[in-house]
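Heads up, the thing below is written out as structure tokens.
Every chain is numbered from 1, with letters handed out A, B, ... down the list of sequences. In this text the structure is predicted, and so the values were computed from the model without any measurement.
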Amino acid sequence: MALRLVDRAGLDALGDLGGRQTAVTCQHGCRHDDSLCDARCSVSPPKDRNRGFSLLLPAEATGLAPRRIRLRPGRVRPVESLIMANVLTPQGEDFPRWYQDVVAKAQLAENGPARGSQVIRPTGFALWERMTAEMDARIKDTGTENASFPLLIPESYFRREADHVEGFAPEVWMVTQGGGKDLEEKLAIRPTSETIIGEYMAKWVNSYRDLPLLLNQWCNVMRYEMRTRLFLRSSEFLWQEGHTVHESYEDAHAFTLRILHDVYADFMENVLALPVLRGIKTEAERFAGALNTFACDALMRDGKALQMGTSHELGQKFAKAFDIQFQGKDGKQAHGWTTSWGTSTRMIGGLIMGHGDDAGLRVPPNLAPVQVSVMIVKDSDEVRAAARKLYDELKADGLRVKLDDRGDIAFGRRAVDAELKGYPVRIELGPRDLKNGEATVVSRVEGSKQSVPLGMIAEAVAAALAGAQQQLWDEALGFREAHTVDVASVDEAVEAARTGYARMPWDACGVEGEARAGQSAVTVRLLQREDGSVPDSLDESGLIAYLARQY
RNA sequence: CGGGACGUGGCGCAGCUUGGUAGCGCACCCCGUUUGGGACGGGGGGGGCGCAGGUUCAAAUCCUGUCGUCCCGACCA
């Protein structure tokens, strides 16, 4: 009796799997260099119900994860079907490919039919909904109110602020027809809404008593893009844009920084568990039409930086362009001081690349749409009922829980799916657990499994969630620290930017150094004071520059 | 927009050199056995090869154009 592994052409193929020389090791440790595995290797056949032989396909045979395969005497199977492919391309092998794999396999989003457009699937949108909920609460805490402004902006509005038009011209989509006729005035599809909101601010602000005027809108915007990537850069994306008018420079400036710290950084660090650098943008990176741009920047696991949010102080430039004036206490007319600030669905990309690993997404519990997945291991009425009970209890505790009681899908497949989607904690419940009055609590981040008495699940879950949040933060912070290098020259900065941030005195870099680094696709992400705090303006001396490659 | 690669069932690919009416793995559907980490056996369904022209008796296969995707660069949340 012999076992044969054959390819679909009917030839023995294990000797040439994927072009590699292959040796197969059977369960008894015997090594086989050809396609034959004789019966002696099955002296003690596995308890396998199919009475087959179990062989270990070593990693070097396939270039993929080692896999145990079962063969039955005389059975012929295509070699392809014996190889268990990785679920995702490993990060270390090809990071961009890994990113695409995660987005696709975790069912987050896919491309729309028009270039650069994207469809956000329910799993991805749930992440966004959680982001909007957390962000919206923080935005409202600053006294800002939500409103909604038109998608279409008359071209003339757009032209009123010179720097703004010039900066956005290459990115604007313009509507030229309506009702089958050419429009008298073209309409820009908003790439951002300073202009149209400015127009209304001018109407609504008359007195210093109307100030500050604090507005925000959650909407979509469109920007023409050459190269697009799901979540990171798409022609259309979802975001939040805040627009405010203040009485003085000081008020506007303070508010710009308040948003940066209390809304953006607070959300990113405490909810997303992503440590962010906060600082001021150089002139080259500044928002078109702004006096100063402040930003939060995070390091992804491939060593590239991602701008996660920006807050601009616009001075009086837009106020003058749109005639936003008010009468002060002194009875005199004065122009207001405006700000604008935004964060987008790009943060989803940051979440994926900031925390994800080779098994998929890792979502911090504070954000996670699904914090706990209660899954049955084996299908039975008792297990099902116990799982339902557990689900109800956890839900009553205020946790975001999902019940996975699909009995028709193998456990392993469901476990892989839970890992792909990054559920922080899952509770496995099977007959064995039930017999012991326990459930198995598994942490996605810590990689731990522990049996917990059914009465103590809530505590165990709470601890696991807190631990996961903390560990994600610690890992991300540790990664950033390990990938930040102090350098003295632009050349060194370019070299260091291969793996992360390069930090150097801004005086030693300067505008020329910035341009030179740009030749190597390295940019100055932002500038900080020596103590890490955010400068009030670019005029301050002794600033520190962070350089990196960027998304 | 410049350089490179590529578009074949949901996903990953083979077939194009030497044109003859499409195939494999996974996924999917049904039945049965299963279910503690990606099940097994048997039986099925689905594409006309990105799109548009052209050459030909005949085009995934050859020619032209176009759209889209990925990587690098320029630009950006």
Considering only atom [atom1], compute the distance from [N] to [M] and round it to an integer number of Å.
| N | M | atom1 | answer |
| --- | --- | --- | --- |
| B:C13 | B:C6 | P | 12 Å |
| B:C72 | B:G20 | P | 38 Å |
| B:C16 | B:C28 | P | 31 Å |
| B:U61 | B:C49 | C1' | 10 Å |
| B:G44 | B:U69 | C1' | 33 Å |
| B:G9 | B:A60 | C1' | 14 Å |
| B:G23 | B:G46 | P | 12 Å |
| B:C71 | B:A27 | P | 28 Å |

Which protein N or O atoms sit under 3.5 Å from an N or O of nucleotides 71-73 of chain B?
from  : atom 1 : to       : atom 2 : distance (Å)
B:C71 : OP1    : A:Arg229 : NH2    : 3.4
B:C72 : OP2    : A:Arg227 : NH2    : 2.9

Mapping A:Glu225 and A:Arg432 onto RNA chain B by nearest heavy atom, which one lands closer to the 5' end? A:Arg432
Please tell me which of A:Lys105 and A:Ala288 maps to the more 5' nucleotide of RNA chain B, matching each residue to the nucleotide holding its nearest heavy atom. A:Lys105
Just jot down the salt bridge (charged side-chain N to carboxylate O under 4.0 Å, His left out) partners of [X], sequence neighbours excluded, or say none.
| X | answer |
| --- | --- |
| A:Arg413 | none |
| A:Glu241 | none |
| A:Arg525 | A:Asp297 |
| A:Lys317 | A:Asp163 |

Let's test this: given Watson-Crick or G-U wobble pairing with both distances under 3.5 Å, identify the partner of [N].
| N | value |
| --- | --- |
| B:G19 | none |
| B:U34 | none |
| B:A5 | B:U69 |
| B:G45 | none |
| B:C11 | B:G25 |

Under 3.5 Å between N/O atoms: give me all the protein pairs with nucleotides 4-8 of chain B, atom names plus distance.
none

With heavy atoms under 4.0 Å as the rule, sort [X] into base, sugar-phosphate or nothing.
| X | value |
| --- | --- |
| A:Arg346 | base |
| A:Thr345 | nothing |
| A:Gly430 | base |
| A:Glu241 | nothing |
| A:Gly112 | nothing |
| A:Ile376 | nothing |
| A:Val221 | nothing |

Using a 6.0 Å distance limit plus a 45 degree cone around the ring axis, check whether A:Arg229 lies over the aromatic ring of A:Tyr99. yes
Nearest listed nucleotide, side chain of [X], among [options]:
| X | options | answer |
| --- | --- | --- |
| A:Glu428 | B:G37, B:A77, B:G38 | B:G37 |
| A:Arg223 | B:A77, B:G36, B:U69 | B:A77 |
| A:Glu419 | B:G38, B:A77, B:G37 | B:G37 |

Verify whether one side chain among [X] and [Y] offers a donor that lies under 3.5 Å from an acceptor in the other.
| X | Y | result |
| --- | --- | --- |
| A:Thr195 | A:Glu161 | no |
| A:Glu236 | A:Ser234 | no |
| A:Asn146 | A:Gln217 | no |

Under a 4.0 Å threshold between the charged nitrogen and the carboxylate oxygen, would A:Lys421 count as salt-bridged to A:Glu419? no
Base [N] to side chain [X], donor-acceptor N/O within 3.5 Å cut-off:
| X | N | answer |
| --- | --- | --- |
| A:Lys449 | B:G36 | no |
| A:Arg444 | B:G37 | no |
| A:Asp433 | B:G36 | yes |

Using distance only, find each side-chain donor-acceptor pair of residues 285-292 of chain A under 3.5 Å and give its atom names and separation, not counting sequence neighbours.
from     : atom 1 : to       : atom 2 : distance (Å)
A:Arg286 : NH1    : A:Leu291 : O      : 3.1
A:Asn292 : ND2    : A:Glu313 : OE2    : 2.9

Residues at least two apart in sequence or cross-chain that pass side-chain contact (heavy atoms from CB on, under 4.5 Å) with A:Lys378, listed by chain then number, are A:Pro431
Length of the line joining A:Gln118:CD and B:C70:P, which is rounded to integer Å: 11 Å
Name all residues meeting the ring pair (Phe, Tyr, Trp, His ring centres under 6.0 Å) criterion together with A:Phe237; count only those two or more places apart in sequence or in a different chain, and write none if there are none. A:Trp239
Does A:Arg406 place a side-chain N or O at less than 4.0 Å from the phosphate oxygens OP1/OP2 of B:U35? no
